Amino acid sequence: MDTVTFCGKTCHNVMQPEYTAYLNSPHSRVECVKCHIGPGAGWFVKSKLSGVGQVFAVTFDTYPRPIPVPVHNLRPARETCEACHWPQKYGEDRVRVISTFADDEANSATKTVLLMKIGGGNNGIGIHGTHLGPGVVIRYRPSDEARQVIPCVQYNSPDGKSVDYVTPDAKPGCLSGPDTREMDCMDCHNRPSHTFDLPERAVDRAMETGQISSALPFAKKKAVEILKAGYPSRDEAARRIPEAFATYYRQSYPAVWAERQALVTSSGNQVLEIYNRNVFPDMNVTWGKYPINIGHTDFPGCWRCHDSNHTAKSGAVITQDCNACHNLLAQDEANPKVLTDLGITEPRAPESR
Ligand code: HEC
Ligand code: HEC
Ligand code: HEC
Ligand code: HEC
Ligand code: HEC
């Protein structure tokens, strides 16, 4: 039962979305049980993912689709994640470059550059230090099942001070209740090995690496449009997606089609690959079904609390300062100066551009 194969394949239909995302994640060599159960025998019993109840549900086809999140009986993250990621290990600032392609004919490329203030868990600074440094405890109580709406938050600092931050519509005493939660890794890294992308993001990434060619007119717009059209099954998508992509160039850009048919075909196949990694109609896993809590552009994420609307009695708020979590070094620029200064040149895929 301890193996990835058991977890991913025995309950194949039910877990196909998670297994597929896992294979494409930085954790693809970490066994399922390392996160879902952790060391020692005790949690094996508590973990629904290996429990009899679930096997029964799978057998009789009664599992909810999609599998609801958050997973409530997951072992506390600090006992599982910290077996590999000890706090001293991830303390440095990190540059993140996010490439975006526009909806225009040229698929105009821009870049956003962020300096992420990662901060180690061993120190009260940066993203990790302020939430998880020694002696820091943050509690919150969500008002929805998916923990996407958080009206009240309590910050306890190492020196014993406690501050409640609440939104105007929070109910009195809203921090007491069985669903009050102590913040840990999972509240931000809720999809560490099962990230499902949104179509725009996935296409941007595929274009950045040249899997979908940015030399094809309107490739971004078309790929996203095709991905967003509904398909009743993965078989149907496999038939229709590459065909729809090819048809567009055959009809609207015959010259491109004549000259670059192989490129159109390979790009169209990559559009299908994106679909296959992210959409599972049998399990009702479709675009955006599983919110990602890191960030704030696609889902509420950090801004569930950092919205300047969570206020303490003193009038202090949980900050939304744009430079608290990252320095915004460039936003949607064609050629950010900071990247040239750093000597970072664009990685160009051969042939395809
Ligand atoms: C790096 C840690 C990690 C590994 C490895 C991992 N998982 Fe998960 N998994 C999680 C976390 C965290 C969640 C909870 C997501 C939430 O509550 O929002 C989760 C959720 C799930 C869910 C619930 C549905 C969903 O999409 O959230 C399933 C099913 C699942 N995992 C199966 C697996 C299987 C099968 C494997 C191995 C092939 C695996 N996991 C490996 C961390 C991991
Ligand atoms: C058994 C070891 C192990 C466990 C347990 C584990 N990880 Fe990892 N984690 C790794 C490895 C290996 C990598 C990949 C490092 C690399 O590619 O450089 C990684 C990468 C990451 C990254 C960086 C991803 C990126 O895109 O660069 C994050 C964030 C992360 N893990 C979070 C978590 C969280 C949260 C948990 C607990 C739910 C967890 N990990 C559990 C081994 C583990
Ligand atoms: C308050 C939200 C938050 C919490 C809580 C949190 N992280 Fe992170 N973590 C982040 C953000 C944001 C990043 C940067 C992501 C990026 O730039 O893509 C990050 C990055 C990381 C990385 C990659 C670091 C690197 O240098 O590449 C690892 C590993 C990681 N976190 C592990 C953990 C573990 C383990 C825990 C629990 C002990 C944890 N995090 C708790 C928000 C959080
Ligand atoms: C559950 C609520 C909650 C969520 C979600 C949350 N934070 Fe926080 N964050 C807090 C609280 C509370 C503080 C401390 C406020 C104080 O100093 O009194 C804080 C402080 C910080 C600080 C220090 C700010 C400063 O100027 O001192 C950073 C940086 C930060 N958070 C980053 C993040 C990032 C990045 C995310 C999303 C990945 C995130 N937080 C998500 C509650 C949250
Ligand atoms: C509480 C922390 C926090 C605050 C406050 C914050 N950000 Fe962010 N921001 C993040 C994180 C985390 C990411 C995601 C980085 C990643 O993708 O790994 C992000 C990503 C971004 C991105 C990249 C979006 C993309 O296309 O992926 C932009 C642009 C951005 N932030 C702008 C802002 C602006 C403008 C403000 C002020 C209004 C702000 N941020 C305030 C944490 C924060």
Side-chain angles (χ1 to χ4, degrees), residues 2-9 15-39 49 67 69-71 74-100 111-121 126-128 131-132 184-212 270 273-280 285 287-299 301-302 325-326 344 347 349:
D2 242 30
T3 65
V4 168
T5 317
F6 171 80
C7 293
K9 291 194 176 150
M15 299 226 192
Q16 191 190 17
E18 285 73 25
Y19 187 56
T20 306
Y22 162 87
L23 291 176
N24 289 295
S25 83
H27 288 114
S28 58
R29 300 208 174 148
V30 175
E31 291 165 82
C32 319
V33 294
K34 289 261 159 61
C35 293
H36 282 280
I37 299 164
L49 282 180
I67 299 176
V69 286
V71 176
L74 216 53
R75 189 168 181 171
R78 304 197 66 168
E79 293 172 25
T80 51
C81 314
E82 286 187 16
C84 298
H85 301 285
W86 56 101
Q88 289 81 350
K89 209 177 148 286
Y90 49 84
E92 285 144 30
D93 289 352
R94 195 171 85 159
V95 174
R96 280 261 301 155
V97 183
I98 300 163
S99 298
T100 313
K111 288 191 176 8
T112 293
V113 185
L114 303 166
L115 183 70
M116 300 303 300
K117 301 181 180 175
I118 306 268
I127 298 167
H128 292 111
H131 303 88
L132 299 173
D184 69 20
C185 321
M186 237 75 101
D187 293 297
C188 300
H189 298 280
N190 65 330
R191 312 299 302 167
S193 81
H194 318 292
T195 301
F196 300 108
D197 280 320
L198 292 175
E200 292 83 358
R201 296 267 176 198
V203 172
D204 283 338
R205 212 162 304 141
M207 291 184 79
E208 177 60 15
T209 55
Q211 290 170 310
I212 296 175
Q270 290 299 327
E273 287 296 311
I274 292 175
Y275 178 92
N276 281 337
R277 283 198 299 272
N278 294 293
V279 182
F280 303 84
V285 174
W287 303 113
K289 207 55 155 225
Y290 287 109
I292 301 168
N293 290 342
I294 294 259
H296 49 78
T297 33
D298 299 337
F299 300 99
C302 310
C325 307
H326 46 57
I344 300 174

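Keep in mind the model is a prediction, meaning the values are calculated, not measured. All residue numbers refer to positions in the sequence shown, counting from 1.
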A.B. asks: Taking side chain to side chain contact (heavy atoms under 4.5 Å, CB included) as the definition, give me every residue that meets it alongside T20, ordered by chain and number, with sequence neighbours left out.
C.D. replies: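 Side chain to side chain contact (heavy atoms under 4.5 Å, CB included) list for T20, sorted by chain: Q16, N24, F280.
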
A.B. asks: Sequence neighbours excluded, which residues qualify as side chain to side chain contact (heavy atoms under 4.5 Å, CB included) partners of R94?
C.D. replies: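 Result, side chain to side chain contact (heavy atoms under 4.5 Å, CB included) vs R94: R96, I118.
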
A.B. asks: Residues in side chain to side chain contact (heavy atoms under 4.5 Å, CB included) with Y290, at least two apart?
C.D. replies: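 Partners of Y290 by the side chain to side chain contact (heavy atoms under 4.5 Å, CB included) criterion, ordered by chain and then number, come out as E18, P66, I67, V69, R191, F196, V285.
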
A.B. asks: From I212 CD1 over to E273 CD, what is the distance, rounded to the nearest 0.5 angstrom?
C.D. replies: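 One gets 10.0 Å once the value is rounded to the nearest 0.5 Å.
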
A.B. asks: Starting at CD1 of I98, measure out to NZ of K111 and round the result to the nearest 0.5 Å.
C.D. replies: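 Here the interatomic distance stands at 11.0 Å.
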
A.B. asks: Within the 4.5 Å heavy-atom criterion, are R78 and P76 side-chain neighbours or not?
C.D. replies: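 Sidechains of P76 and R78: no contact.
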
A.B. asks: From T112 OG1 over to H326 NE2, what is the distance, rounded to the nearest 0.5 angstrom?
C.D. replies: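 Between T112 OG1 and H326 NE2, I get 10.0 Å after rounding to 0.5 Å.
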
A.B. asks: Rounded to the nearest 0.5 Å, what separation is found between the CZ atom of R205 and the CD atom of Q270?
C.D. replies: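 One gets 13.5 Å once the value is rounded to the nearest 0.5 Å.
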
A.B. asks: With heavy-atom distances below 4.5 Å as the criterion, would you say the side chains of T80 and K34 are in contact?
C.D. replies: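 No. Closest side-chain heavy atoms not under 4.5 Å.
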
A.B. asks: For a side-chain contact (heavy atoms from CB on, under 4.5 Å) check, start with the C-alpha distance between D184 and E82, then their side-chain angles and the critical distance, and finish with the verdict.
C.D. replies: CA-CA 11 Å; D184 69 20; E82 286 187 16; over 6 Å; no

A.B. asks: Using side-chain heavy atoms (C-beta onward) and a distance below 4.5 Å, is N293 in contact with D187?
C.D. replies: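 Contact flag for N293/D187 side chains = no.
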
A.B. asks: Which value, rounded to the nearest 0.5 Å, describes the distance between C325 atom SG and K117 atom NZ?
C.D. replies: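 Rounded to the nearest 0.5 Å, the SG-NZ separation comes out at 8.0 Å.
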
A.B. asks: Under a 4.5 Å cut-off applied to non-hydrogen side-chain atoms, are N278 and K289 in contact?
C.D. replies: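 No, side chains not in contact.
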
A.B. asks: Find the distance between SG (C185) and CD (E79) and round it off to the nearest 0.5 Å.
C.D. replies: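 Rounded to the nearest 0.5 Å, the SG-CD separation comes out at 11.0 Å.
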
A.B. asks: Hey, does I274 have a side-chain heavy atom less than 4.5 Å from the side chain of D197?
C.D. replies: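 No, their side chains stay 4.5 Å or more apart.
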
